[in-house]
There are 2 protein chains.
Amino acid sequence: MDATSAPATIEELLDRILALSDGLPKRLKQCADYVTANPDRVAVSTVAEMAEAAGVQPSAFMRFCQVLGFSGYSQMQRLFRNAYTQHWPDYATRLEKLRQSSGGSSSALLAEFIEAGRLSLENLAKTIDPQTFDAAIRTLSRAKMVHIAGMRRAFSVASYLAYAFEKMGVPCMLHDSVGNLDSRRAIRKDDAVIAITFTPYSSETVELAEAGRRAGAGVVAITDSLAGPLRPVTPLLLTVQEADFGNFRSLSATLSLSMALAVAVGMAVKKRRNGIS
Amino acid sequence: MDATSAPATIEELLDRILALSDGLPKRLKQCADYVTANPDRVAVSTVAEMAEAAGVQPSAFMRFCQVLGFSGYSQMQRLFRNAYTQHWPDYATRLEKLRQSSGGSSSALLAEFIEAGRLSLENLAKTIDPQTFDAAIRTLSRAKMVHIAGMRRAFSVASYLAYAFEKMGVPCMLHDSVGNLDSRRAIRKDDAVIAITFTPYSSETVELAEAGRRAGAGVVAITDSLAGPLRPVTPLLLTVQEADFGNFRSLSATLSLSMALAVAVGMAVKKRRNGIS
DNA sequence: ACTTTCATGGAAGATATGTTCCATATTTGG
DNA sequence: CCAAATATGGAACATATCTTCCATGAAAGT
C-alpha cells in the first residue's frame, strides 16, 4: 500500500506532481501535464471530461489520482472545489471587479491593459485590408531572405517575427543595432524588408526600409498611420491602430497581425517549394 | 407549461431572478437570495449542498431551478460551468483545415489569430490572482536592478519589458545570449529577476532564475503552468494560458500582463523615491 | 528469444447525485 | 371559520458519475 497520504493543499499537490512527473508512465504523464497546465478545470469537470481533454482513458486518470495519494478523482476534486471561490466566471464582471479592486490600483491597471488589448484586436479585425495583407504575403513569400527591422517598442514585434519565420523555415535576418553595425548592405534585389515602426517613427527603421527599396527589394511596413514616413517607400502598408493606455501601446493587434503574416508566408513558401520541385 | 425558456447566459439568469424574486414563495426566495449572493458556488456544488447552504430542502431548490426555466439543477449548473471552463477551440485542426482548403484565405488566418488573442485576454482577466500580481510588483519595485530573462518566443516579451522599464525609469538589464556571455554573476542580493518561459521551458531562463535565487534576489516568473520548472524557484508565479494556434502562442495576454507589470512597478519606484527624498 | 513485470483500454459494478412524487402543512379567499 | 389552492418536506426513483477489475498489449531484464 502506498504510504503517501493525500495532499492537503493545491501547492502540495503541484509539488508532488512535479516530484513524480519525471518517472511517470506515458499516459499518467499526459494527465500530469494537463492538470498542471489547467488546474482550474479540475473543479468543474468530470473525470471523463478531464480524461478526454488529456487524451487518455478515464481509468488512466483514476490511476493518476491514486498515484498522487488520493483515494480517487472525487477526493482530488474536493481540493480544487474548496479553493475555487476566487475565480469569477464571467469576463465582464471579472474585469469590473479587477478595475474596482480596492486592494490597490495595480489590478485596475491590468484591467485597463487587458481592455486596451481587446479593443485593439477588435479594431484590427475591422480595419485590415485583406488585399494589402495578401499582397504583403506574396511579396514576402517570394523573397529569398526577409529582413526585419524594428526598434524600441517595435523591437519586440520584430524579434517575434524573426522567431516565427525561423520556426516556419523562412530565411530571415533580424536587424538590430548591436555593435552599431550598419547592415543595410546586406539587402539584395530579391530579398524583402519588413519594417515596423510607430509614432514617433524611428529613423533607423525608415532608413533600412529605404535602403531596401533602393536595392530593389520588396518592402512591407507595419505601422500606425497611412501617412507616416513609410508611405513614400512602399504601398504595402499594414496599418494597426492600437488602443493606448498612458503612453503604452497595447501591441496585441500588432502581434496577432505579425503571427498571421508569418504563418501565411511560411505556408506560401512551403507551397512554392513543393510546386517547383 | 412554462413558456419561458432557459436563460442562456449568467446575466440573463440573474436578470430573471431579480424580476421574479418579489413574487416568490418563502423557500424559493431563500434560494434566490443565496444564489445571487454566491453565484460562484453553483459551479462546484451539488444541489444538496446548495439547498443546505440556502436553508431549504433539495426539492425546494429543484423547484427554484424550474421556475427559472431550467429543466433542473444540472442544466443551470452547466451554464456556470461552461462560463468558467474556457473551451479553447481546437486550433490545431482548424489550422489544418485552413491549410487544406487551397483557397485558404489569409484573412481567415488573421481572424483566427485575432480570436485567439481575444480569448487569451479574457482568460487572463478571469484567472489572474491580484494578490500574486501585487506581490510581484512589490518585489520588483524594491530591487536596485531588474534582470530580465526570456528566450525564443519569450524573448519578444522580455525585450518589451526592457523597453517599458527603461521608459519608466526602472534600472534593468535584458539578458540575451548574444556572444554567449554568462551574465549570471551580474545578479546581486538586492536585485530582482523576472523570468519568462513557456513549455517547452528554456533551460537558460530557468538557470538564470535559479542563479537569482541563490544570489538572494527576488524572483518573479511569467509562465504557463503552476507546476513548471520555475515553481521550486519562486512562489511569485504569474501564470498565463494563451490560446495556441498551430504551435503559435498568441502572447496577447502575456504582453498585456507585462505592460501592466512594468507600469505598476515604475509607479511604485517613483513613489518610493519621492517618499525617501 | 523468453519470461516477467508493468502499463493500458474497455466494460461492469458501486456510489453519489439529481429528479420526481405525494402526503402533509400552510396560506389565501370566501 | 371553512374550503380551495398552493407551498413544503421527505422519501423513492432514475441517472450520471466514479471506481474497480481484468484481459490484452507493450516494455524490460535475463
Side-chain angles (χ1 to χ4, degrees), chain A residues 1-2 4-7 13 17 20-35 38-39 41-82 84, chain B residues 1-2 4-7 13 17 20-35 38-82 84-85:
Chain A
M1 151 134 195
D2 228 338
T4 57
S5 59
L13 168 61
I17 292 181
L20 294 176
S21 66
D22 283 332
L24 239 39
K26 194 173 153 201
R27 290 291 119 100
L28 266 45
K29 181 100 178 54
Q30 281 176 254
C31 298
D33 288 345
Y34 185 77
V35 168
N38 313 71
R41 292 212 190 173
V42 179
V44 294
S45 304
T46 65
V47 243
E49 287 164 349
M50 291 296 288
E52 195 193 334
V56 304
Q57 291 286 329
S59 52
F61 207 95
M62 285 302 302
R63 283 196 294 275
F64 172 68
C65 297
Q66 286 160 352
V67 163
L68 258 35
F70 296 105
S71 68
Y73 182 71
S74 300
Q75 200 183 63
M76 173 168 139
Q77 192 178 49
R78 194 148 37 233
L79 206 65
F80 286 86
R81 302 249 247 229
N82 290 338
Y84 167 83
Chain B
M1 157 140 190
D2 228 341
T4 57
S5 60
L13 168 62
I17 291 182
L20 294 176
S21 66
D22 284 333
L24 240 38
K26 195 173 153 198
R27 290 291 120 104
L28 266 45
K29 180 109 181 42
Q30 283 176 251
C31 297
D33 290 345
Y34 184 76
V35 169
N38 314 67
D40 51 321
R41 292 272 100 195
V42 178
V44 295
S45 305
T46 65
V47 241
E49 287 163 352
M50 289 298 287
E52 194 192 337
V56 304
Q57 289 286 331
S59 53
F61 206 94
M62 285 302 302
R63 283 197 295 276
F64 173 68
C65 296
Q66 286 161 352
V67 164
L68 258 33
F70 295 105
S71 68
Y73 181 71
S74 299
Q75 200 181 78
M76 173 167 139
Q77 192 178 50
R78 192 150 38 234
L79 202 67
F80 285 85
R81 289 191 171 172
N82 287 341
Y84 180 77
T85 305

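Owing to the predicted nature of the structure, the values given are computational and were not obtained by experimental measurement.
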Of the nucleotides C/dG18, D/dT8, D/dT19, which has the atom closest to the B/Leu28 side chain?
-> D/dT8
Could you tell me whether the side chains of B/Tyr34 and B/Arg41 share a donor-acceptor contact shorter than 3.5 Å?
-> no
How long is the line joining CZ of A/Phe70 and P of D/dT19, in whole Å?
-> 12 Å
Heavy-atom pair with the smallest gap, counting every atom of B/Leu28 and B/Ala60 = CD1-O, 3.6 Å
Is there a side-chain polar atom (N or O) of A/Gln57 under 4.0 Å from OP1 or OP2 of C/dT8?
-> no
To the nearest angstrom, the CG-P distance between A/Leu68 and D/dT19 comes to 14 Å
Can you tell which of D/dC18, D/dG9, C/dG9 lies closest to the side chain of A/Ser74?
-> D/dC18
Nearest-Å distance, CD (B/Gln30) to C1' (D/dA7)?
-> 12 Å
Polar side-chain atom of A/Gln30 near backbone of A/Val56 as donor-acceptor pair, under 3.5 Å | no
Can you check the A/Lys26 NZ to C/dG9 P distance for me, whole Å?
-> 8 Å
So, the side chain of A/Gln75 versus the backbone of A/Ser71: is there a donor-acceptor pair under 3.5 Å, distance only?
-> yes
Would you say A/Arg63 reaches C/dA7's phosphate, i.e. side-chain N/O to OP1/OP2 under 4.0 Å?
-> no
Are B/Leu79 and B/Phe70 close enough that some pair of their side-chain heavy atoms sits under 4.5 Å apart?
-> yes
Test item: A/Tyr73 side-chain N/O and A/Val42 main-chain N/O as donor-acceptor pair under 3.5 Å = yes
Any B/Ser59 side-chain N or O less than 4.0 Å from OP1/OP2 of C/dT19 = no
For the pair made of CZ in A/Arg78 and P in C/dA16, what is the distance, rounded to whole Å?
-> 10 Å
Does A/Gln77 reach the main-chain N or O of A/Ser45 with its side chain, forming a donor-acceptor pair under 3.5 Å?
-> yes
Rounded to whole angstrom units, what separation is found between the CE atom of A/Met50 and the P atom of D/dC18?
-> 11 Å
Taking N or O atoms only and anything under 3.5 Å, show me the protein contacts with nucleotides 13-16 of chain D, one pair per line.
none

A/Met62 side-chain proximity, nearest of D/dC18, C/dG18, C/dG9 | D/dC18
Whole-Å distance separating the CD atom of A/Gln66 from the C1' atom of D/dC18 | 11 Å
Between CZ of A/Phe61 and P of C/dA7 the distance, given in whole Å, is 18 Å
